[in-house]
Colleague: 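First the structure, then my questions, so here it is.
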Amino acid sequence: MMRQFALSFDPESSSSPAGLPEPESIVAGLNEAQQQAVTALEGPVLIVAGPGSGKTRTLTHRIAYLLATGRAKPYQVLALTFTNKAAREMQERIRHLVGPQAARGITMGTFHSVFARILRIEGEALGYSRDFSIYDSDDSERILRSLMERFRIDSKQFSVRALRGLISSAKNAMVSPHDYGRMVASPIQEKAALVYPAYEETLSRSNAMDFDDLLLKPIALFQGHPEVLKKYQQKWQFLHIDEYQDTNHAQYTIAKMLAAAHRNLCVVGDDAQSIYAFRGADIANILSFQRDYKDAKTIRLEQNYRSTQKILALAESIIKQNRDQLEKHLWTDNTEGNFVLLMEALSEKDEAQKIERTIRELQTRAGHPYRDFAVLYRTNAQSRSIEDALRRASIPYRLIGGVSFYSRKEIKDALAYLRLMVNPHDAASLRRVINYPTRGIGDKTVEMLALFARERGYTLWQALDHLDESELAGRASGSVQKFHFLINQHAAQLATRPADEVARDLLQEAGLFSAFKQEQTLESQARWENVQELLNALAEHVQAAEGNDLSTFLQEVTLLTDADRADDGEVNRVTLMTLHASKGLEFPAVFVTGMEEGLFPLAKAAQDPRELEEERRLFYVGVTRAQEHLFLTHARTRFRYGQHESSLRSRFLDEVDTSVIRTESGRALEQKSDRFTMQPAAPAGRTITYDGVDPHYYRTPVGGARKGGSGRGGRDDDDNRVVYDEGEAQIVPGVAVEHQQFGRGKVLALEGRGDMAKATVFFHDHGQKKLVLKFARLRRLG
DNA sequence: AATAACTTTCTTTTT
DNA sequence: GAAAGTTATT
């Protein structure tokens, strides 16, 4: 469980400089560039660092150096990291470097967790009480779903997720609901514009903030209350931001505001490792740092301490394919190392088996313990086959990500109950549990309550408070009253009894536990245990420190990720995780799996040059996790979408330096570089044209013409070769087509089956369109 | 209102 | 193949 770091303003709470280590001891053992970065104490500093160059280490030592020289008191230091785990490790190391006393009081954590704490203290200025709920995307979608119903928006036509995405991007770009209304350019944006103001209204009435708000509200606070900004500018004299390439616009703005007075801002990042654009991360933040801060000192950390020469050579050749980069020349003193091994498998099962065998071999022959291995994949769904193989071979593994602990249904249900006690106006939580376990309060009743609340200007909870004034009567009314009392009664007890006991009682009386018991399955048993674990964590939290209560627990828990939770780093197991989750980690042996077109890069990403570059950076990140052994794997067929689909190896394998790669037979890799030609300098946002693309490259079956496995002497492989229906005149991705109205264009992708089959076509004169094949009457050219 | 049985859609990646 | 949404049944 995350510790709550004290947020101290008091200089006296920091220790005296006595007992501090010699500053020299802190830079000892660092290379020249690192020393430069550590000792450049004031003014804006940009550290451009390659993978494995010790960037986090450098940042850590810099903070230690600030403390050891007496230049900074701990409470004046702010360090923002990408995960809470990274913050914890950094805290650990600083403590080790300067001693626990001297390290006490540093503010450290992710942007989200640090500013959630600030909002607890300062949020009242914006109309929030300190017990505000933090909504994850699940909660946001719950709110949006009910709003879509209210505005009669067809959820089939416009998905909740898409709407949330639009609203989230709007918030990230700091576009207000009012302004958004004027910028509408498509039907779905129109719906988003309709819902956006109501969504914001619901959130603020619920005394709740979503993830975006945790960054936006501080900005609003600083803008509206200059004295508060000044207070924090004075407090945090030294700002540090790790993984700067993954900051979004709001984070950039916060940093700029806080650093405006003293300009002691030190950021570390690697533009080549920017992999979170989909979440609003803006690579421009790091690219333009020197422009924003004219006097910025730029320091490059180019020596790699992690990987062998061959692995690094492969990494370099990957990233060379991308444009727009800060110049870096990576090099290493490490040995040349082994060849990178490319393994081809028949299926995802076969792939998993090869991985499993390789692990066993390296373990027995080279004595690598299990913890030395990491298996990386593009999508969480891929973990399954690998898990199966490892389990069969009795190889212990730990899975990071996937369905994380705190996003499990039973945990979210339990959390919703607990949230209602501290923040009853939280509408998402109320809706979540008002009828779970079922107690006779159906959708109709809830909607009636919502309507009543809106008419009176009440929150949903206030509607329960004034139930007698509503039209609701009879059995439904009785159930609602009982629920209302249940929450109130327990909330009142929070003042006098330990929170974990009250929580346990509430869940018991709400019938959550008996719901599990009734099921009598292994799964329901596991769910029960999970909730117990949550309650234990709560008990631990409450006992850990003064000021820790249910409300702080709930806020912190929402911001935890799976990686933060796993404290079993010492356990000897193989690690399974997505490429994204692997950022910042290193392993002696790494498998980058699923190197197939359509999966890595994903089919969608392959259509947009910017997304394709991000996928390539992701490949780069994966490859640079490896210290000694690197394996790339791909499968010829993969079970996806409930069916076997055949796939071709990733284009990434055809654009890299093959001199460091060997296949299983020990031969060099034969490249087919002509499979894809694309304009090397496609301007951002424009669609790539695939001239000379092999029309059979994608083999998504269309037209429902999938033949059975038997008969006609067809091999397994042939089954999935049906790429078009006779009637559709060979419409496959890559071919040029003509449309009566739109003229000439190129097919980018196909989806759907039979009459529902649709093609995404890029028309030269009309841009990208999605057409139903049945009606489009596309004519194939050439 | 609640359950069971059916159908549809869908998968990126996550603070 | 799973999750979410829909329909039918009590």
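In what follows, every heavy atom counts, from backbone to side chain, and hydrogens, waters and symmetry copies are set aside. Owing to the predicted nature of the structure, the values given are computational and were not obtained by experimental measurement. Naming: A, B, ... by sequence-line order, numbering from 1 per chain.
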Colleague: Using whole Å, what does the distance between atom P of nucleotide B/dA1 and atom CG of A/Leu472 come to?
Modeller: 10 Å

Colleague: For C/dA4, what is the paired nucleotide under Watson-Crick or G-U wobble rules, both distances under 3.5 Å?
Modeller: B/dT7

Colleague: Can you tell me which nucleotide in B/dT12, C/dG1, B/dT15 comes closest to the side chain of A/Arg384?
Modeller: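 Output: C/dG1.
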
Colleague: What nucleotide among B/dT13, B/dT3, B/dT12 has an atom nearest to a side-chain atom of A/Thr438?
Modeller: B/dT3

Colleague: Distance check needed: B/dA1 P versus A/Leu449 CG, whole Å only.
Modeller: 11 Å

Colleague: Check every strand shown and say whether A/Ser137 touches a base, only sugar-phosphate, or nothing at a heavy-atom separation below 4.0 Å.
Modeller: nothing

Colleague: In whole angstrom, give the distance that lies between atom NZ of A/Lys604 and atom C1' of B/dT12.
Modeller: 9 Å

Colleague: Looking only at side-chain atoms of A/Phe211, point me to the closest of B/dA1, B/dT15, B/dT13.
Modeller: B/dT15

Colleague: Answer yes or no on whether A/Arg279 is positioned over the face of A/Tyr276, meaning its NZ or CZ is under 6.0 Å from the six-membered ring centre and within 45° of the axis.
Modeller: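 Cation-pi check for A/Arg279 and A/Tyr276: passes.
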
Colleague: What is the ring orientation for A/Phe132 with A/Tyr128, classed by angle as parallel under 30°, tilted 30 to 60°, or perpendicular over 60°?
Modeller: perpendicular

Colleague: Under 4.0 Å between any heavy atoms, over every strand shown, what does A/Asn435 touch: base, sugar-phosphate, or nothing? Just pick one.
Modeller: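 Sugar-phosphate: the residue A/Asn435, judged by heavy atoms under 4.0 Å, touches backbone atoms but no base.
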
Colleague: Phosphate oxygens OP1/OP2 of B/dT11: is one of them under 4.0 Å from a side-chain N or O of A/Arg161?
Modeller: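 Yes, within the criterion.
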
Colleague: Taking the C1' atom of each, how far is C/dG5 from B/dT12, in whole Å?
Modeller: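 To the nearest whole Å, 22 Å.
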
Colleague: Taking for each residue the nucleotide of DNA chain B with the nearest heavy atom, is it A/Asp212 or A/Arg640 whose nucleotide lies nearer the 5' end?
Modeller: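 Whichever sits nearer the 5' end wins; that is A/Arg640.
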
Colleague: Whole-Å distance between B/dT13 P and A/Gln273 CD?
Modeller: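 A/Gln273 atom CD is separated from B/dT13 atom P by 20 Å.
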
Colleague: For A/Tyr436, does the six-membered ring have the charged nitrogen or CZ of A/Lys409 within the cation-pi criterion, i.e. under 6.0 angstrom from the centroid and within 45° of the normal?
Modeller: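 Yes.
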
Colleague: How long is the line joining CG of A/Leu599 and C1' of B/dT13, in whole Å?
Modeller: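 Answer to the nearest Å: 12 Å.
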
Colleague: Side-chain N or O of A/Asn172 versus OP1/OP2 of B/dT15: is the shortest distance under 4.0 Å?
Modeller: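 For A/Asn172, the contact criterion (side-chain N or O under 4.0 Å from OP1 or OP2 of B/dT15) is not met.
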
Colleague: Relative to A/Phe82, does A/Lys583 satisfy both conditions: NZ or CZ under 6.0 angstrom from the six-membered ring centre, and within 45 degrees of the ring's axis?
Modeller: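 Yes, A/Lys583 and A/Phe82 form such a contact.
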
Colleague: In whole angstrom, what separates A/Arg88's CZ from B/dT15's P?
Modeller: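 Computing the A/Arg88:CZ to B/dT15:P distance gives 14 Å.
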
Colleague: Mind checking if A/Asp246 touches a base, just sugar-phosphate, or nothing, with heavy atoms under 4.0 Å?
Modeller: nothing

Colleague: Using the side-chain heavy atoms of A/Ala581, tell me which of these nucleotides is nearest: B/dT3, B/dT15, B/dT14.
Modeller: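 It is B/dT14.
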
Colleague: Heavy atoms only, 4.0 Å cut-off, all strands: where does A/Arg439 land among base, sugar-phosphate and nothing?
Modeller: sugar-phosphate

Colleague: How is A/Tyr276 classified with respect to the nucleic acid when contacts are heavy atoms under 4.0 Å: base, sugar-phosphate, or nothing?
Modeller: sugar-phosphate

Colleague: Think A/Arg145 has a side-chain N or O under 4.0 angstrom from the OP1 or OP2 of C/dG5?
Modeller: yes

Colleague: Please tell me if the side chains of A/Lys171 and A/Phe211 come closer than 4.5 Å, counting only heavy atoms from C-beta onward.
Modeller: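 Counting from C-beta outward, A/Lys171 and A/Phe211 never come under 4.5 Å.
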
Colleague: Taking a pair as Watson-Crick or G-U wobble with both distances under 3.5 Å, which nucleotide is matched to B/dT13?
Modeller: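 Matched B/dT13 with nothing under the 3.5 Å cut-off.
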
Colleague: Using a cut-off of less than 4.0 Å, is there contact between a side-chain N or O of A/Thr578 and OP1 or OP2 of B/dT12?
Modeller: no

Colleague: Between P on B/dT13 and CZ on A/Arg610, what's the gap in Å once rounded to a whole number?
Modeller: 21 Å

Colleague: When the nearest nucleotide of DNA chain B is assigned to A/Ile275 and to A/Gly440 on a heavy-atom basis, which residue is associated with the more 5' position?
Modeller: A/Gly440

Colleague: Going by atom types alone, do A/Asp426 and A/Ser206 pair a side-chain donor with an acceptor below 3.5 Å?
Modeller: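 Per modelled atom types, A/Asp426 and A/Ser206 side chains form no pair under 3.5 Å.
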
Colleague: How many Å lie between CD1 on A/Ile441 and C1' on B/dA2, as a whole number?
Modeller: 14 Å

